[in-house]
Amino acid sequence: MTIRTRFAPSPTGFLHIGGARTTLYNWLFARHHKGTFILRIEDTDEVRSTEDSVTAILDSISWLGLDWDEGPVDETTDRGPYAPYYQMKRLDLYRKCVRQLIDAGLAYACYCTKEELDAMRKAAVAEKRPAVYDGRCKKLTDRQKAEHEAAGRKPSVRFSIPETGETVVDDMIRGRVSFDNRLLPDLIIQKATGGPTYNFACVVDDHAMEITHVIRGDEHLSNTPAQQLLYAALGWTPPKFAHLSMILGPDGSKLSKRHGATSVLEYKTAGFLPSAMRNYLALLGWSTTDSRQLFFGSELVETFDLGGCQKNPAVFDQTKLTWMNGEHLRKLGHEELMRHAEPFLKAAGLAGPLDPPLDLTVGLEGEKCKLLADIPGRVEIFYKDVVFTPKALDGVLKKPGVKEVLLDLAGLLEGVEPYGEKALEEKIRGYCEAKALKTGQVFHPLRTALSGRTEGPTLFGMMEVLGRAKSVGRLKAAAALL
RNA sequence: GGCGUGUUCGUCUAGCGGCCUAGGACAUCGCCCUCUCAAGGCGAAGAUCACGGGUUCAAAUCCCGUACACGCCA
């Protein structure tokens with residue numbers, strides 16, 4: 001049997017970190033086992049669902065480098081043997097299943113209003129009884145039903161949960177979890193509006209799409225027994241379930257906007273790499289026995305399995321993500337680095353054929369960065385007029401003897417042949433020796449005069465890439481300031 | 001309120017009864033390398049394994065209770 005997993009987002013906003021990790025795990029599990037990964041859009045919340053959200057979610061998943069075998073092609077169309085993959089296009093199926101349950105006596109119309117339900121719950125709490133719906137509408141006579149209909153009440157449909165026994169969920173991550181059926185309320189499967197509820201549509205579709213493993217967030221664990229009962233009532237075999245622990249913010253509460261960036265796309269614009277994001281997210285709730293940290297290329301797919309999943313929640317740590325991003329950045333080949341860096345360079349006004357070529361400057365500085373967004377700031381010294389930082393000007397340049405050194409070197413550079421890193425280093429070290437100066441006394445002012453900063457690329461490499469004319473010009477300009 | 005889940009360095013985690021005087025990684029601090037910044041190397045500090053009881057020759061590991069956190073019912 002081939003494994004089929006799915007990610008089923010509601011298009012009511014952006015794909016956030018938690019959703020991204022759920023997607024990743026489903027994808028990794030499917031790919032690891034040579035199975036199929038499906039995307040299904042749960043857009044039954046007509047008020048909050050938007051096409052923009054679909055776009056954002058699909059873009060986010062694509063950016064992460066996760067591909068789906070069946071599901072949406074764009075905001076309105078889809079492809080695959082079990083199409084459609086938009087729940088709003090499958091309403092007939094849900095109604096048919098609701099009908100089946102009603103006919104079998106396993107579901108019933110409930111006319112209770114929100115106010116009545118609230119009152120019931122309050123009364124139950126006051127009397128210290130479990131706040132479970134008491135199933136009163138199950139016993140309604142035809143005449144009472146007719147009265148409610150006549151009064152204009154629109155019923156929802158509830159699924160009858162057995163009143164005795166217990167339901168055991170055999171979760172792949174949490175083990176056997178049992179629930180007392182008496183404490184399970186009769187689940188609403190169809191809203192008064194006629195639309196299916198999340199818990200019902202999800203069951204119908206997972207069965208229809210032959211999903212074998214449902215990997216989802218911990219928040220769904222409590223709904224699982226009712227869903228399992230639904231499978232049984234419909235005569236279906238349930239899939240295997242795996243409930244992932246939650247992702248928390250630094251203060252221990254559920255990760256949310258006030259903790260900073262939660263949308264995947266925000267991480268894209270902040271300069272994170274998809275591979276680093278995958279690597280980090282994979283490790284939030286999953287690990288190998290050797291606590292391995294770094295996974296490149298296909299290594300995650302090869303190594304991942306549900307066995308290493310953690311039961312307890314994990315705090316999202318952007319600092320570690322950032323470290324990991326640096327590791328992935330350094331692992332990139334030059335071509336790839338350039339491709340990833342391009343949008344960030346462009347955004348900083350660095351595009352097109354430039355002198356010196358971006359290939360060279362990014363090559364010199366790229367690997368020192370942790371974020372793609374850091375790259376422009378490191379290479380801009382080659383393209384913009386020199387601006388001296390206070391530390392550079394007061395701390396390095398405005399020292400006795402510096403002016404002479406700069407002028408000497410400007411002259412020296414004119415005569416270096418061939419003009420390149422190796423020859424430059426040789427000549428300048430020779431100069432230091434001849435003048436009995438420590439290399440630091442020369443190198444530091446030199447770097448500062450050339451870049452305006454006290455830190456930056458390797459000195460002679462910078463001079464080579466900058467070229468003779470610009471280098472000499474910058475030295476003279478700096479000397480003139482002193 | 002009921003039910004469910006969870007609790008190992010600040011953070012992510014290893015650990016599945018003796019190898020644990022609890023290992024790795026990020027972050028922190030120090031040293032080394034070095035033309036600076038990164039990277040890298042080495043090292044330090046950091047966890048009475050939530051707490052309290054059991055079981056056992058032996059418990060972070062098994063059992064029970066308590067506390068707290070989170071989730072679901074909403």
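Below, chains carry the letters A, B, ... as their sequence lines are ordered, and counting in each starts from 1.
Taking the C1' atom of each, C3(B) and C19(B) are spaced 41 Å apart, rounded to whole Å. Rounded to whole Å, the separation between the P atoms of C62(B) and G6(B) comes to 11 Å. Rounded to whole Å, the P atom of G71(B) lies 22 Å from the corresponding atom of U66(B). The P atoms of G65(B) and C70(B) are separated by 22 Å, rounded to the nearest whole Å. A44(B) and C57(B) have their C1' atoms separated by 38 Å, with the value rounded to a whole Å. Comparing G46(B) with A27(B), their C1' atoms sit 11 Å apart, to the nearest whole Å. If you take atom C1' in U13(B) and the same atom in C49(B), they sit 13 Å apart, rounded to whole Å. G30(B) and C72(B): their P atoms are spaced 45 Å apart (whole Å).
Whole-Å rounding puts the Asn325(A) CG to A38(B) C1' distance at 15 Å. Rounded to whole angstrom, the span from the CE atom of Met324(A) across to the C1' atom of C12(B) amounts to 9 Å. Atom-to-atom, CD of Glu166(A) to C1' of G4(B) comes out at 13 Å; the value is rounded to the nearest Å. Whole-Å rounding puts the Tyr280(A) OH to U11(B) P distance at 12 Å. Protein atom CG of Asp186(A) is 11 Å distant from nucleotide atom P of A74(B), rounded to whole Å. Going from atom CG of Asn279(A) over to atom P of A25(B) covers 15 Å, rounded to whole Å. We find that CZ of Arg182(A) is positioned 16 Å from C1' of G4(B), with the value rounded to whole Å. At whole-Å resolution of the value, CG in Asp290(A) and P in A22(B) are 21 Å apart.
A cation-pi arrangement is present between Arg21(A) and Tyr25(A) under the rule of less than 6.0 angstrom and at most 45 degrees off the ring axis. By the 6.0 Å and 45° rule, Arg216(A) does not stack over the aromatic ring of Phe241(A).
For residues 413-448 of chain A, the pairs satisfying ring-ring contact (aromatic ring centres under 6.0 Å, His included) are Phe443(A)-Phe460(A), with sequence neighbours left out.
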Can you give each donor-acceptor pair under 3.5 Å made by side-chain atoms of residues 372-379 of chain A, sequence neighbours left out, with the distance rounded to 0.1 Å?
unit_1: Asp374(A); atom_1: OD2; unit_2: Leu371(A); atom_2: N; d: 3.2
unit_1: Arg378(A); atom_1: NE; unit_2: Glu365(A); atom_2: OE1; d: 2.9

Can you give the donor-acceptor pairs under 3.5 Å from side chains of residues 386-406 of chain A to other protein atoms, not counting sequence neighbours?
unit_1: Thr389(A); atom_1: OG1; unit_2: Ala392(A); atom_2: N; d: 3.1
unit_1: Lys399(A); atom_1: NZ; unit_2: Gly395(A); atom_2: O; d: 2.8
unit_1: Lys403(A); atom_1: NZ; unit_2: Leu482(A); atom_2: O; d: 3.2

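For residues 10-23 of chain A, proximity to RNA chain B is found at no residue, defined as any non-hydrogen atom under 4.0 angstrom from a strand atom.
Under the side chain to side chain donor-acceptor pair (under 3.5 Å) test applied with Asp206(A), the options His213(A), Arg6(A), Gln227(A) reduce to a single match, Arg6(A). Among the candidates Val157(A), Leu101(A), Leu187(A), the single residue satisfying the side chain to side chain contact (heavy atoms under 4.5 Å, CB included) test with Phe200(A) is Leu101(A). The one candidate from Val416(A), Thr439(A), Leu412(A), Leu459(A) that meets the side chain to side chain contact (heavy atoms under 4.5 Å, CB included) condition with Ile428(A) is Leu412(A).
Base pairing of U7(B): its partner is A67(B), meeting the Watson-Crick or G-U wobble criterion (both donor-acceptor distances under 3.5 Å). Pair assignment for G2(B): C72(B), on the basis of Watson-Crick or G-U wobble contacts that are both within less than 3.5 Å. Pairing for A47(B) is absent, judged as Watson-Crick or G-U wobble with the two contacts each under 3.5 Å.
Between Trp323(A) and Phe272(A), a ring centre-to-centre spacing not shorter than 6.0 Å is recorded.
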Table of protein N/O atoms under 3.5 Å from nucleotides 28-35 of chain B N/O atoms:
unit_1: C35(B); atom_1: OP1; unit_2: Arg429(A); atom_2: NH2; d: 3.0
unit_1: C35(B); atom_1: O2; unit_2: Arg447(A); atom_2: NH1; d: 3.3
unit_1: C35(B); atom_1: O2; unit_2: Arg447(A); atom_2: NH2; d: 3.3
unit_1: C35(B); atom_1: O2; unit_2: Leu459(A); atom_2: N; d: 3.3
unit_1: C35(B); atom_1: N3; unit_2: Thr458(A); atom_2: OG1; d: 3.2
unit_1: C35(B); atom_1: N3; unit_2: Leu459(A); atom_2: N; d: 3.1
unit_1: C35(B); atom_1: N4; unit_2: Thr458(A); atom_2: OG1; d: 2.5

Restricting both atoms to N or O, compile the protein contacts to nucleotides 66-71 of chain B shorter than 3.5 Å, with distance only.
unit_1: G71(B); atom_1: N2; unit_2: Ser222(A); atom_2: OG; d: 3.4

Nucleotides 39-44 of chain B: which of its N/O atoms have a protein N/O under 3.5 Å away?
unit_1: G40(B); atom_1: OP1; unit_2: Glu327(A); atom_2: OE2; d: 3.1

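Nearest-nucleotide mapping onto RNA chain B: of Val177(A) and Pro250(A), the residue sitting toward the 5' end is Val177(A).
The side chain to side chain donor-acceptor pair (under 3.5 Å) check on Glu464(A) picks up nothing, with sequence neighbours excluded. For Lys331(A), the side chain to side chain contact (heavy atoms under 4.5 Å, CB included) test picks out Phe296(A), with sequence neighbours left out. Applying the side chain to side chain contact (heavy atoms under 4.5 Å, CB included) test to Asp290(A) and every residue at least two apart in sequence or in another chain returns Thr288(A), Arg292(A). Every side chain to side chain donor-acceptor pair (under 3.5 Å) that Glu342(A) has, sequence neighbours left out, goes to Lys346(A). Remark: Ala192(A) engages Lys154(A) in a side chain to side chain contact (heavy atoms under 4.5 Å, CB included) (not counting sequence neighbours).
Nearest to the side-chain atoms of Leu183(A) among the listed nucleotides G23(B), G2(B), G15(B) stands G2(B). Listed nucleotides G15(B), C3(B), C12(B) differ in distance to Phe179(A); the shortest reach to its side chain belongs to C3(B). Taking every side-chain heavy atom of Arg174(A) into account, G6(B) is the closest of G6(B), G24(B), C12(B). Distance from the side chain of Asp317(A) is smallest for C26(B) among the nucleotides A14(B), C26(B), U36(B).
Within the 4.0 Å cut-off from OP1 or OP2 of A14(B), not a single side-chain nitrogen or oxygen of Thr289(A) is found. In this structure, Asn312(A) reaches the U7(B) phosphate: one of its side-chain N or O atoms is under 4.0 Å from OP1 or OP2.
Residue-level contact check: Gln310(A) touches the backbone only, with heavy atoms under 4.0 Å from sugar-phosphate atoms and none from bases. Using a 4.0 Å heavy-atom distance criterion, Gly285(A) is classed as a sugar-phosphate-only contact.
A donor and an acceptor atom sit less than 3.5 Å apart, one in the side chain of Arg378(A) and one in the base of C37(B).
For CD of Glu166(A), the number of neighbouring non-hydrogen atoms (other residues, nucleotides, ligands) closer than 6.0 Å is greater than 12.
Taking the charged nitrogens against the carboxylate oxygens, Glu302(A) and Arg31(A) have no contact shorter than 4.0 Å, which rules out a salt bridge.
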